[in-house]
Q: 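Input: one structure, supplied below.
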Amino acid sequence: MMRRIAALVFVLLLVMAGTAFADQDVQLKGTRYTLTLPDSMEYDGPGNPGRADFAYVSDSLGLEILFTSANGSGLQQLADMIPNLADDVEDPRMTTVNGVEMLVYRVTASNPDGKAIGYILRDGDKVWQIEFWYTSQAAADMTKTIMESIQ
């Protein structure tokens, strides 16, 4: 009986360890922030100039995350960016996630690239835009989980 219990505990520990290794932390360079991404997201290297500093993608999840940084030394408040957002952005608003103030917006369905939700945050003079392009509701839901992992 003790051997069965020990074997069961061992199997449970293995399953839990496998789950623990199912995520990866991504550091936003020049800031104190990290995000936890699913392990199936693959680093896609530096993005196209003007589009992203780097990206993570997963065809199986139907999700692409673009990370873009900028110098924000002249920016007083994140809310000051709202009037300057592109025409295809809707519902821009301020929010707080895990104590981090952010500007959040959606990209309208009329955009030929698809649907997206974006977050803009700041740490000192560094401003980061994190834009999630998704192909399904499950992928859209995952964006919330990813952003709630910010630390």
Side-chain angles (χ1 to χ4, degrees), residues 10-75 77-82 84-151:
F10 179 73
V11 169
L12 287 173
L13 287 173
L14 284 176
V15 169
M16 290 171 46
T19 303
F21 293 113
D23 296 325
Q24 56 185 320
D25 290 332
V26 174
Q27 176 77 40
L28 299 180
K29 296 174 183 111
T31 74
R32 63 180 180 251
Y33 299 118
T34 60
L35 290 172
T36 302
L37 306 183
D39 192 45
S40 61
M41 302 277 325
E42 295 180 16
Y43 178 73
D44 196 30
N48 297 333
R51 181 144 192 234
D53 291 4
F54 62 96
Y56 277 80
V57 297
S58 173
D59 290 335
S60 65
L61 295 175
L63 187 61
E64 177 181 22
I65 310 172
L66 305 176
F67 294 87
T68 308
S69 66
N71 182 339
S73 61
L75 183 64
Q77 301 290 324
L78 282 174
D80 295 341
M81 296 179 72
I82 292 174
N84 299 322
L85 293 174
D87 291 336
D88 61 352
V89 167
E90 66 182 38
D91 192 28
R93 60 184 163 42
M94 296 304 298
T95 190
T96 302
V97 179
N98 281 352
V100 180
E101 184 181 53
M102 299 180 197
L103 171 60
V104 63
Y105 60 88
R106 293 193 177 275
V107 175
T108 61
S110 63
N111 187 305
D113 292 328
K115 296 181 180 180
I117 185 167
Y119 296 84
I120 300 173
L121 60 111
R122 162 183 209 167
D123 189 23
D125 288 341
K126 193 75 141 178
V127 175
W128 276 93
Q129 177 182 21
I130 304 166
E131 206 165 64
F132 296 89
W133 290 87
Y134 55 89
T135 60
S136 69
Q137 186 59 49
D141 294 343
M142 190 177 300
T143 67
K144 182 178 185 218
T145 302
I146 292 170
M147 285 310 296
E148 287 176 345
S149 74
I150 195 164
Q151 352 180 2

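Along the sequence shown, the residues carry numbers beginning at 1.
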Q: Keeping to residues at least two apart or across chains, list the salt bridge (charged side-chain N to carboxylate O under 4.0 Å, His left out) pairs with something in residues 133-151.
A: K144-E148
Q: Check side-chain hydrogen bond (donor to acceptor under 3.5 Å, both in side chains) between S136 and all other residues, then give those that pass, not counting sequence neighbours.
A: none
Q: Suppose we screen for ring pair (Phe, Tyr, Trp, His ring centres under 6.0 Å). Which residues come up paired with F67, at least two apart in sequence or across chains?
A: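 So F67 forms a ring pair (Phe, Tyr, Trp, His ring centres under 6.0 Å) with F54.
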Q: My understanding is that only residues two or more places apart in sequence, or in another chain, count here; which of them pass side-chain contact (heavy atoms from CB on, under 4.5 Å) with V127?
A: L75, I120, R122
Q: Determine the minimum heavy-atom distance between Y134 and A139, stating which atoms define it.
A: CB-CB, 3.7 Å
Q: Please report the shortest heavy-atom distance between M41 and Q24, naming the atom on each side.
A: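 Heavy-atom minimum between the residues: O-NE2, 2.7 Å.
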Q: State which residues pass salt bridge (Lys or Arg N to Asp or Glu O under 4.0 Å) with D123; sequence neighbours excluded, sorted by chain then number.
A: R32
Q: Closest heavy-atom contact between T34 and Q27?
A: CG2-OE1, 3.1 Å
Q: Can you list everything that forms a side-chain hydrogen bond (donor to acceptor under 3.5 Å, both in side chains) with Y105? Sequence neighbours excluded, please.
A: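 Result, side-chain hydrogen bond (donor to acceptor under 3.5 Å, both in side chains) vs Y105: Q129, E131.
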Q: I need the L121 CG to T31 OG1 distance, nearest 0.5 Å.
A: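 One finds 7.0 Å between CG of L121 and OG1 of T31.
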Q: Pairs under 3.5 angstrom only: tabulate donor-acceptor contacts from the side chains of residues 56-64 to other protein residues two or more places apart or in another chain.
A:
{"residue": "S58", "atom": "OG", "partner": "S60", "partner atom": "OG", "Å": "3.1"}
{"residue": "S58", "atom": "OG", "partner": "L61", "partner atom": "N", "Å": "3.1"}

Q: Could you work out, with side-chain contact (heavy atoms from CB on, under 4.5 Å) as the rule, every residue matching T36, not counting sequence neighbours?
A: D23, D25, S149
Q: State, with a plain yes or no, whether a side-chain heavy atom of I146 is found less than 4.5 Å away from one of I65.
A: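 Yes. Closest side-chain heavy atoms under 4.5 Å.
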Q: What pairs with T96 under side-chain contact (heavy atoms from CB on, under 4.5 Å), at least two apart in sequence or on another chain?
A: none
